[in-house]
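Notes to accompany the following structure.
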Amino acid sequence: MHDESVTGTRPHAFEATLDEMTLLKHLEMGAVLGVPQALRHHLSDRLVTAGYIAKTEQGLYALTDAGRALIRRRGS
């Protein structure tokens, strides 16, 4: 975790690529994304690590509340 008090700088903001944003928007519209589709769409581990998508118990990828918020921020 980044400690602003030690370095005096802010943590780097996550900047989603166009492909990542497109994938998030597809998930928002209800697209089902399993492992084969994730590989075909070049699912970014960054989206999982940042908490914008998560894997469900069924093994599918789903948009998280943080992912929805990112879409809303980028859309405005």
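This chain uses plain numbering: 1 for the first residue, then up along the sequence.
- The shortest heavy-atom contact between Val48 and Tyr61 is CG2-CE2, 4.3 Å.
- What you find for Ala62 and Thr56 is that their closest heavy atoms are CB-CG2, 3.8 Å.
- To the nearest 0.5 Å, atom CG of residue Leu23 and atom CD of residue Glu28 are 12.0 Å apart.
- Nearest heavy atoms, Ala66 versus Gly51: CB-O, 3.7 Å.
- Smallest separation of non-hydrogen atoms from Glu20 and Glu15: OE1-O, 4.2 Å.
- Closest non-hydrogen pair, Met21 versus Ile71, comes out as CE-CA, 3.9 Å.
- Taken to the nearest 0.5 Å, the CG atom of Asp45 stands 8.5 Å off from the CD1 atom of Ile53.
- Distance CG/Leu27 to CG/Leu60: 10.0 Å, rounded to 0.5 Å.
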